[in-house]
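Below is one structure; the comments refer to it alone.
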Amino acid sequence: MENKARVRFAPSPTGELHVGNARTALFNWMFARHEGGRFILRIEDTDESRSDSAYQTSLLEDLKWLGLTWDEGPDIGGGYGPYRQSERLDLYEAHLKKLVDADLAYPCYCTEEELEEERQTLILAKRMPRYLGKCRNLSAGEREALAASGRKPSCRFKVPRTTIEFNDLIRGPIRFEGEAMGDFIIVRSNGMPAYNFAVVIDDHRMAVTHVIRGEDHLSNTALQIMLYRALGFEPPAFAHHCLILGKDHAKLSKRHGSVSVGEFRRQGFLPEALINYLGLLGSSFAGGREILSRDEMIDAFSLSRASRSGAVFDEDKLRWLNAAYIRKTSTEDLLRKLEPFLRAAGFRPETLDAAWLKNVLETVKGELTTLAEIGAHIDLFFDERYSLSDEARRLLAAPGAREVVGAFGDYLERAEDNAGDIYAAAIRHAKEKSGAKGRDLFMPVRAALTGKLKGPELDRVFAVLGVDSARGRFQQVKKTLGI
RNA sequence: GGUCCCAUCGUCUAGUGGUUAGGACGCUGGCCUCUCACGCCGGAAACCGGGGUUCAAACCCCCGUGGGACUACCA
């Protein structure tokens, strides 16, 4: 029996994979791979009203897209299945019986309205809102009467009045006073297990050795440890990483903008860039490196490097990383990844000359921050999409620009199509005729040739575009300038 | 309100008693390519406050202050 690390990522299929959850998955995954352990995927779908199998599918897809592959999970099985909580109900039932038989759990007949009332009273009294234990000591007769009245009981755990202490692998020693906690529900009145109950049973039965999750679970850990003890299970090690925050320093949520992995994918972020960024958020890698491959991340990962305070999500840095990864990606790969974005921009890749497209991409690659920007960067290579931007118009209207454009255009008109490096010659000609140089020389040429003020190296653009196209554009610009 | 967690440049972080407090994003100056960008070289920019402990505290302790999470028959 090996005692290899076993960790799990246990999302509930109630929405698209959130970057916060993706980061939790990443930490677990890196930990497992670093330790040579197993990474388990478990679906927590006990809330039937909120769970949706469509989300379950998208969850797995997003995880795969990110490259966070699992060793055991609902789709591939494993020695500790099933990996969906909805398929493990008999297990929860059996464990509930154990607790009830040991008098560690009891039925609670309170309605949600009654509980809400109790909660409000406590809040008004400035006390910790918690269940005060109304049903804890009901007699058999009272229970029967309540049941006879049609009430469906939930089941609560008898919280022991003890102090819970544990050593968090990221935050050090943590302690909770059991005093402050009310008996909590472990099985809902509809028969479904509550989160804290199911998690404990599953983590134990799946032989999970380390629970790595967000700090929002810190207080749950105290409850869960009580359950471990009541059930006679040895608790795993716990590590609570910090949360991802929005610009306002509150937990990152939809109102902060893009927060799901799917959104970033659709915006044209590369999975390796997102992963890399998430690994840097609220943590750092040994050696202080910031751009790392998956293998390097695994190698340099350590829970001890995870920070304890919340980390603000910085989209600027993500974009910087994404641009860096795009530059690193081979043109062939990039072309493949770009395909859906080209279509979305109205291009039909299959109708374009492959070699030419590759050329275009090569000249434009360095300009891209996200894949979705591709359209805006390559439209200048299509005459039917070429047009002068307002900025370009303004620049061309400035004094000095018309001389440059005129001279450059004139040269193009007289040049033989196969007369060597026409671009260089035309620039030289424009420089001599207009006396402009540097910025004053190149910007008007850029504006006229591409319609924009920013873009790839002009000589490359010119080469890809061809003399004909360039000639046409200069004629057009000259006309609008009245030259 | 209660419980718990946290606190280094605007942001992400390095730093574990002695450092000119380092790096990255962003911002910014310059160089490069006769251009924007890329790249390279510089710059501005931080130890929340107050008490201790110590010869010496960003680092250890306490108290404030500030921020966050949780406070569901959601997970």
Y131(A): partners by ring pair (Phe, Tyr, Trp, His ring centres under 6.0 Å), with sequence neighbours left out: none

Selection: residues 112-122 of chain A, any non-hydrogen atom under 4.0 Å of RNA chain B: E112(A), L115(A), R119(A)

Interatomic distance at C1', rG39(B) relative to rU33(B), whole Å: 10 Å

Residues H256(A), F313(A); criterion ring-ring contact (aromatic ring centres under 6.0 Å, His included); working and verdict: CA-CA 10 Å; H256(A) 294 286; F313(A) 192 88; 9.8 Å; no

Sugar-phosphate, base or nothing in reach of G366(A), heavy atoms under 4.0 Å: nothing

Euclidean distance for P, rC31(B) against rA46(B) (whole angstrom): 28 Å

Flag for E16(A)-S58(A): side-chain donor and acceptor within less than 3.5 Å: no

5′-ward residue of the pair E457(A)/G282(A) relative to RNA chain B: G282(A)

Partner residues of Y195(A) under the ring pair (Phe, Tyr, Trp, His ring centres under 6.0 Å) criterion, sequence neighbours left out: H217(A)

Pair assignment for rU33(B), Watson-Crick or G-U wobble, requiring both distances under 3.5 Å: none

Pairing residues for R8(A) by the salt bridge (charged side-chain N to carboxylate O under 4.0 Å, His left out) criterion, not counting sequence neighbours: D203(A)

F442(A) ring center near F462(A) ring center (under 6.0 Å): no

E72(A) versus Y80(A), side-chain donor and acceptor atoms under 3.5 Å: no

Pairwise P distance for rC32(B) and rG68(B), with rounding to whole Å: 48 Å

F285(A) ring center near F301(A) ring center (under 6.0 Å): no

R305(A), CZ atom: more than 12 neighbouring heavy atoms under 6.0 Å: yes

Pairwise P distance for rC48(B) and rC6(B), with rounding to whole Å: 15 Å

P atoms of rU35(B) and rA21(B), separation to the nearest Å: 39 Å

Aromatic ring proximity, centroids under 6.0 angstrom, F31(A) and H210(A): yes

Any strand: nucleotide that pairs with rG10(B) via Watson-Crick or wobble, under 3.5 Å: rC25(B)

Sugar-phosphate, base or nothing in reach of I123(A), heavy atoms under 4.0 Å: nothing

Mate of rC47(B) where both pairing distances stay under 3.5 Å, Watson-Crick or G-U: none

RNA chain B contacts among residues 45-55 of chain A, heavy-atom distance under 4.0 Å: T46(A), D47(A), R50(A)

Range on RNA chain B touched by chain A, heavy atoms, distance below 4.0 Å: rG1(B) to rA75(B)

Touch class at under 4.0 angstrom, heavy-atom based, for E290(A) against every strand present: base

Counter-base of rU16(B), judged by Watson-Crick or G-U geometry with both distances under 3.5 Å: none

Pairwise P distance for rG43(B) and rC5(B), with rounding to whole Å: 41 Å

Sugar-phosphate only, base, or nothing, as touched by N220(A) at under 4.0 Å among non-hydrogen atoms: base

Heavy-atom check, side chain of I40(A) versus side chain of F9(A), under 4.5 Å: no

Ring pair (Phe, Tyr, Trp, His ring centres under 6.0 Å) against Y325(A), all qualifying residues, sequence neighbours excluded: none

Pairs flagged by salt bridge (charged side-chain N to carboxylate O under 4.0 Å, His left out) wherever residues 368-378 of chain A is involved - sequence neighbours left out: R319(A)-E373(A)

Stretch residues 315-323 of chain A: residues that reach within less than 4.0 Å of RNA chain B through a heavy atom: D316(A), K317(A), W320(A)

Beyond-backbone contact of I164(A) with R229(A), side-chain heavy atoms, under 4.5 angstrom: yes

Separation between the C1' atoms of rU8(B) and rA14(B), rounded to whole Å: 10 Å

By salt bridge (charged side-chain N to carboxylate O under 4.0 Å, His left out) - contacts of R50(A) (at least two apart): D47(A)

Between E177(A) and T163(A): side-chain donor-acceptor atoms closer than 3.5 Å: yes

Sugar-phosphate only, base, or nothing, as touched by R130(A) at under 4.0 Å among non-hydrogen atoms: nothing

Touch class at under 4.0 angstrom, heavy-atom based, for I185(A) against every strand present: base

Touch class at under 4.0 angstrom, heavy-atom based, for S219(A) against every strand present: sugar-phosphate

Sugar-phosphate, base or nothing in reach of R446(A), heavy atoms under 4.0 Å: base

RNA chain B: 5'-proximal contact among T111(A) and G172(A) (nearest heavy atom): G172(A)

Counter-base of rC70(B), judged by Watson-Crick or G-U geometry with both distances under 3.5 Å: rG2(B)

P spacing across the pair rC40(B) / rG50(B), given as an integer number of angstrom: 40 Å

Sugar-phosphate, base or nothing in reach of R305(A), heavy atoms under 4.0 Å: sugar-phosphate

Touch class at under 4.0 angstrom, heavy-atom based, for T14(A) against every strand present: nothing

Ring center gap for Y277(A) and F269(A) short of 6.0 angstrom: no

Test salt bridge (charged side-chain N to carboxylate O under 4.0 Å, His left out) applied to K365(A) - qualifying residues, sequence neighbours left out: none

Strand contacts (RNA chain B) in residues 235-249 of chain A, 4.0 angstrom heavy-atom criterion: L243(A), H249(A)

